[in-house]
2 protein chains.
Amino acid sequence: MASTETVDRITSTDRIFDELFARIVGLDLLPGTKISETDVAKSFGYSRQPVREAFTRLANLNLLLIRPQRATIVRPFSRDLIANARFVRAAIELEVVRTAAQSRNVAFDADLKASLRGQRDAIAAEDTKAFHDLDYDFHRLLCLSAGRPFAFEMIAANKAQVDRLCMLSLTSTEAMQTLYEDHDGLVQALFGQDAEAADRILRQHLNRLDPIIDAIYTTHKGYFEE
Amino acid sequence: MASTETVDRITSTDRIFDELFARIVGLDLLPGTKISETDVAKSFGYSRQPVREAFTRLANLNLLLIRPQRATIVRPFSRDLIANARFVRAAIELEVVRTAAQSRNVAFDADLKASLRGQRDAIAAEDTKAFHDLDYDFHRLLCLSAGRPFAFEMIAANKAQVDRLCMLSLTSTEAMQTLYEDHDGLVQALFGQDAEAADRILRQHLNRLDPIIDAIYTTHKGYFEE
DNA sequence: ACACGAAAACTTGCATACTAGTCAACAAGA
DNA sequence: TCTTGTTGACTAGTATGCAAGTTTTCGTGT
């Protein structure tokens, strides 16, 4: 999303955006929470202006809901928005792995293998935080391997919508193991230039969220819109 | 991009955004053109504030390049940005047509057929403008038919980057005929629930831009960055 | 004529004040 | 008790002024 050309210096808006983004995705700010430009400005020690611009960016990511002359709230979960975000993310990532499988670029093979090793270690240590970080990086590596770093920005933007929801679900060791096996199968498919297998495995991988999201919908209906 | 929930009233920012968007995509404002918040504010009769917010939105779409304390310019064409935009658009639309083919929804069949008829008429009348509009609508119909209206918003956002470039290329009757045949084949693949054929045809369809973009790169290098 | 430097004229980022609209609380009346 | 109307405390949208930095201009010195 950011300019790819100039080394934009970090502005107040950037700082506020980053901080709020982390708080929202980390569920530090729960869906439905009212959040006012004035209050945030005071707490950050800036004026309303940069806060306002950060709000606009977050609203574009569907993380805030700006209601003119009423209030701005942390956007509640929406099954529609989540479905859309997942569809787009899947579409992009599927094309990424097909590309990566068909036009092999061995430059990232070592990184992919290292990531898998790291994931195994995280599972052994039952370190869900580390696993989550490695998972993030793994999917980024897939994009790099396909020569489409930009694709990951799009994926990340859509992931955010789902990630904050999944914060509500504990990741078990078994779940991590399953995800790891998907990753491993995906890498093997890439190395074997088997685009069809990569497609199939990634679809299954991304669909594993279905029951999790459904479960959260029933247990945390209050965080959903309406 | 806009909120899907409330009927947001149209703000000054919206008006300025829409107008500038049309001017940029319509090449009324050429790539590289300097454009200042103050000047635009004066010409619209608003203050700098709404102009500034419209600028931010356009910059997010990679249509403006805001260079702090220097100037804001209409973003020059970038082969990287165009490649990225096309990749993302293709990824999403491919998944759209695969979905539309596999889980048929006949509700839009009549609209699709009507669009094809309209396209034939536009070609007969050599009306490129009408054809372009119908083409836009056709791809929107594909998304609707797949039950993914949101996907078209993403496609449109990425299309803008390419559309303004293609304004530099005249559309011949033969070219329109080729595009029509793609559309027709695509619809037949959908009706026949042949996801593989739909995938193949759409890839070919989207790749037809390759030589056009290359040609424009050589004939209008001045509009490209660096 | 040319190189150089200072200043003026720009630019966007940020701060602050004002406007118009929404909502909630509360008092008055039935 | 319940309904209703008014008031005041919020909200975001907009206008404007200042700060910091870049670019251009133009005059000066060689």
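Proteins get letters first, then strands, A, B, ... in listed order; numbering begins at 1 in each.
Classification of A:R203 and B:E95 as a salt-bridged pair holds, one side-chain N sitting under 4.0 Å from a carboxylate O. Of the charged side-chain nitrogens involved, none lies within less than 4.0 Å of a carboxylate oxygen, so that B:R15 and B:D18 do not count as a salt-bridged pair. Salt bridge A:D39/A:K34: absent, no basic N to carboxylate O contact under 4.0 Å.
Contact annotation: A:T13 reaches the phosphate of C:dC14 (side-chain N/O to OP1 or OP2, under 4.0 Å). Put simply, B:S36 has a side-chain N or O that comes within less than 4.0 Å of OP1 or OP2 on C:dT11. Between A:R67 and D:dA12 there is no side-chain N or O to OP1 or OP2 distance below 4.0 Å. The side chain of A:T72 contributes no N or O atom lying less than 4.0 Å from OP1 or OP2 of D:dT11.
Listed candidates were C:dT12, C:dC14, D:dT11. Nearest to the side chain of A:T38 is D:dT11.
Going from atom CD of A:E53 over to atom P of C:dC14 covers 7 Å, rounded to whole Å. Atom CD1 of A:I73 and atom C1' of D:dC10 are 16 Å apart (whole Å). Distance B:D39 CG to C:dA9 C1': 13 Å, rounded to the nearest Å. A straight line from CD1 of A:I10 to C1' of C:dC14 spans 17 Å, rounded to a whole angstrom. Distance B:I66 CD1 to C:dT12 P: 8 Å, rounded to the nearest Å. Atom CZ of B:F44 is separated from atom P of D:dT14 by 13 Å (rounded to the nearest Å).
Both A:R15 and B:K34 sit near DNA chain C, but only B:K34 has its closest nucleotide nearer the 5' end.
Among the atoms of the strands shown, only primed sugar atoms or phosphate atoms (P, OP1, OP2) are found under 4.0 Å from some heavy atom of B:I35.
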Letter per nucleotide, 5' to 3', of nucleotides 15-25 of chain D [B base touched, S only sugar-phosphate touched, - untouched; heavy atoms, 4.0 Å]
BBBB-BBSS--
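Between B:Y136 and B:F152, the gap from one ring centroid to the other is short of 6.0 Å.
Between A:I73 and the options A:L65, A:L64, A:T33, A:L29, a side chain to side chain contact (heavy atoms under 4.5 Å, CB included) holds for only A:L65.
The backbone N or O of B:I155 lies less than 3.5 Å from no partner atom in the side chain of B:N158, so there is not a single donor-acceptor pair.
For the 3.5 Å distance criterion, the side chains of B:H183 and B:D135 qualify, holding a donor opposite an acceptor.
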